[in-house]
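Start at 1 with the first residue, then count along the sequence. Values reported hereafter were calculated over all heavy atoms of this structure, with side chains retained and with hydrogens, waters and symmetry mates removed.
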Amino acid sequence: MKISPLSPIGIFDSGIGGLLIAKEIKMRMPNEDFIYFGDTINMPYGDKSKEFIIENSMKIASFLYEKKCKALVIACNSMTSNSLDVISKKFNSKILIFNVIDPIVRNQIFFSSKKIGIIATPATIRSNFYMEKIKKYYRHLDVVQISTPLLAPMIEKGLKIKKNIIINYLNHFKSIDTLLLACTHYLFLKQEIDNFYHGQVHLIDIQKIVVQEIKKKLNEEKLLCIHPTLNSKFPIFYTSGSIPTFFEKKVRILFGRKVFIKTHVFNYS
Ligand code: DGL
């Protein structure tokens with residue numbers, strides 16, 4: 001399959017989490033055409049087994065590959081931490097593969113921290129993906145991670161997250177200087193979390209760091225789209241079941257009305 005700068009970027013998550021990554025891509029690379037996939041029927045991934053996550057994230061990756069994408073962005077920590085190696089093995093030699101964890105772990109940001117907290121889904125915590133990587137690169141760092149299973153499903157449904165839920169979770173951390181929101185859904189909660197800490201704990205700018213890396217690599221590979229194309233004006237968003245109202249609402253808020261929102265149902269045999 002021939003890819004070119006004009007080929008789309010495929011971005012995927014279990015639902016709305018990856019939309020903020022897609023938004024950052026749109027802001028920093030406005031000429032890019034992208035296709036988004038939210039596996040809304042299987043959301044939340046955070047409470048699924050590794051086998052389930054591998055099987056289903058591979059289905060999405062293959063779907064986007066068939067759509068002739070030049071790159072895949074796994075905009076989900078639960079998928080990245082459980083299936084990145086399998087996805088990379090299958091597609092790395094064909095197209096570019098990006099994820100939301102490696103650019104963060106590689107970032108210099110941790111050198112200025114002493115103690116960091118990580119909040120993530122049970123599937124991400126169980127994988128130990130962050131711990132292993134962070135401990136390898138930053139021996140000086142004290143890392144505490146907790147699983148926060150209530151958050152992503154509530155954010156996906158557009159439910160108001162009560163202050164005491166956030167407080168109960170964050171009270172597990174004592175004297176951290178940095179907090180990593182290690183689930184893309186939590187990026188929608190950044191302001192509430194920042195308020196809880198009165199701006200005293202550094203919240204890593206995940207979208208910015210991830211998308212800077214994507215742009216740099218596309219540029220190096222001569223795959224960056226330099227001129228606006230017709231497709232770049234009309235991104236497509238797929239959901240894996242009938243389109244959830246809140247998903248559609250978020251898409252419209254972030255990307256306006258000139259978008260396509262469609263359903264693609266996988267065959268489960
Ligand atoms: N947005 C996802 C993540 O980054 C997953 C949320 C879920 O489906 O549980 O982990």
Between [X] and [Y], does at least one N-O distance fall below 4.0 Å, as a salt bridge requires?
X    : Y    : answer
E213 : K208 : no
R252 : E248 : yes
K233 : D33  : no

Can any side-chain N or O of [X] pair as donor or acceptor with the backbone N or O of [Y] at less than 3.5 Å?
X    : Y    : value
K50  : S83  : no
K174 : N171 : yes
K68  : L64  : no
Y186 : T148 : yes
S240 : T40  : yes
D47  : P122 : no
H198 : D194 : no

Discussion item. Could you go through Y138 and S113, starting from their C-alpha distance and side-chain angles, then the distance that decides it, and tell me whether this counts as side-chain hydrogen bond (donor to acceptor under 3.5 Å, both in side chains)?
Written reply: CA-CA 10 Å; Y138 310 95; S113 299; over 6 Å; no
Can you check whether [X] reaches [Y] side chain to side chain, under 4.5 Å on heavy atoms?
X    : Y    : answer
N99  : V73  : no
M131 : V143 : yes
I204 : I109 : yes
L170 : L179 : yes
I87  : S57  : yes
L96  : F98  : yes
F34  : P8   : no
C183 : I119 : no

Item to complete: Determine, stepwise, if the pair R28 / E24 fulfils salt bridge (Lys or Arg N to Asp or Glu O under 4.0 Å).
Response: CA-CA 6 Å; R28 291 180 183 265; E24 189 82 13; 2.6 Å; yes
Between atom [atom1] of [X] and atom [atom2] of [Y], what is the distance when rounded to the nearest 0.5 Å?
X    : Y    : atom1 : atom2 : answer
M79  : D13  : CE    : CG    : 5.5 Å
L19  : I16  : CG    : CD1   : 6.5 Å
K133 : N128 : NZ    : CG    : 12.5 Å
I118 : Q145 : CD1   : CD    : 5.0 Å
I214 : I21  : CD1   : CD1   : 7.5 Å
I209 : D102 : CD1   : CG    : 12.5 Å

Worksheet item: Are L223 and L6 joined in one hydrophobic group, where the rule is that I, L, V, M, F, W and Y side chains link up if heavy atoms are under 4.5 Å apart?
Response: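 In one cluster: no.
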Discussion item. Test of understanding: clusters of I, L, V, M, F, W, Y form through side-chain heavy atoms closer than 4.5 Å, transitively. Do M43 and I11 belong to the same one?
Written reply: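 They do not share one cluster, since no chain of ILVMFWY contacts under 4.5 Å joins M43 to I11.
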Of the non-hydrogen atoms in [X] and [Y], which two are nearest, and what is the gap between them?
X    : Y    : value
C225 : P5   : CB-O, 3.4 Å
V100 : A75  : CG1-CA, 3.8 Å
F173 : V144 : CE2-O, 3.4 Å
Y65  : K94  : OH-CD, 3.2 Å
G117 : I176 : N-CG2, 3.7 Å
Y36  : G15  : OH-O, 2.5 Å

Practice prompt. Go through the steps to decide whether K250 and F188 satisfy the test side chain to side chain contact (heavy atoms under 4.5 Å, CB included), and finish with yes or no.
Written response: CA-CA 11 Å; K250 274 287 173 205; F188 286 105; 3.8 Å; yes
Worksheet item: When you look at L181 and L189, which way does the side chain to side chain contact (heavy atoms under 4.5 Å, CB included) test go after all the steps?
Response: CA-CA 9 Å; L181 309 187; L189 275 190; 5.7 Å; no
Worksheet item: Parallel, tilted or perpendicular: which describes the rings of Y238 and F63, with under 30° parallel and over 60° perpendicular?
Response: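 Aromatic pair Y238/F63 classed perpendicular.
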Worksheet entry | E32/K70 under salt bridge (Lys or Arg N to Asp or Glu O under 4.0 Å): CA gap, chis, key distance, verdict | CA-CA 11 Å; E32 296 295 336; K70 62 185 171 188; 2.6 Å; yes
Discussion item. Let's go through D39 and S14 carefully: what are the C-alpha distance in whole Å and the side-chain angles of both, what is the deciding distance for side-chain hydrogen bond (donor to acceptor under 3.5 Å, both in side chains) to 0.1 Å, and is it a yes or a no?
Written reply: CA-CA 4 Å; D39 193 2; S14 59; over 6 Å; no
Worksheet item: Is it the case that K48 places NZ or CZ above or below the six-membered ring of F52, under 6.0 angstrom from the centre and within 45 degrees of the axis?
Response: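 Because its charged atom sits under 6.0 Å from the ring centre and within 45° of the axis, K48 does stack over F52.
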Worksheet entry | Stepwise side chain to side chain contact (heavy atoms under 4.5 Å, CB included) check, F110 with L141 | CA-CA 8 Å; F110 290 121; L141 257 192; 3.9 Å; yes
Item to complete: Apply side-chain hydrogen bond (donor to acceptor under 3.5 Å, both in side chains) to the pair T121 and T124, showing each step before the final yes or no.
Response: CA-CA 5 Å; T121 66; T124 300; 3.2 Å; yes
Item to complete: Start with the C-alpha gap between V105 and K136, add the side-chain angles, then the distance that decides, and say whether side chain to side chain contact (heavy atoms under 4.5 Å, CB included) holds.
Response: CA-CA 10 Å; V105 173; K136 189 163 142 205; over 6 Å; no
Worksheet entry | ring-ring contact (aromatic ring centres under 6.0 Å, His included) partner of F37, chosen from F12, F237, F266 |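 That would be F266; it is the only one of F12, F237, F266 passing the ring-ring contact (aromatic ring centres under 6.0 Å, His included) with F37.
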Practice prompt. Check the pair N77 / Y130 against side-chain hydrogen bond (donor to acceptor under 3.5 Å, both in side chains), numbers first and verdict last.
Written response: CA-CA 10 Å; N77 292 258; Y130 275 101; 2.5 Å; yes
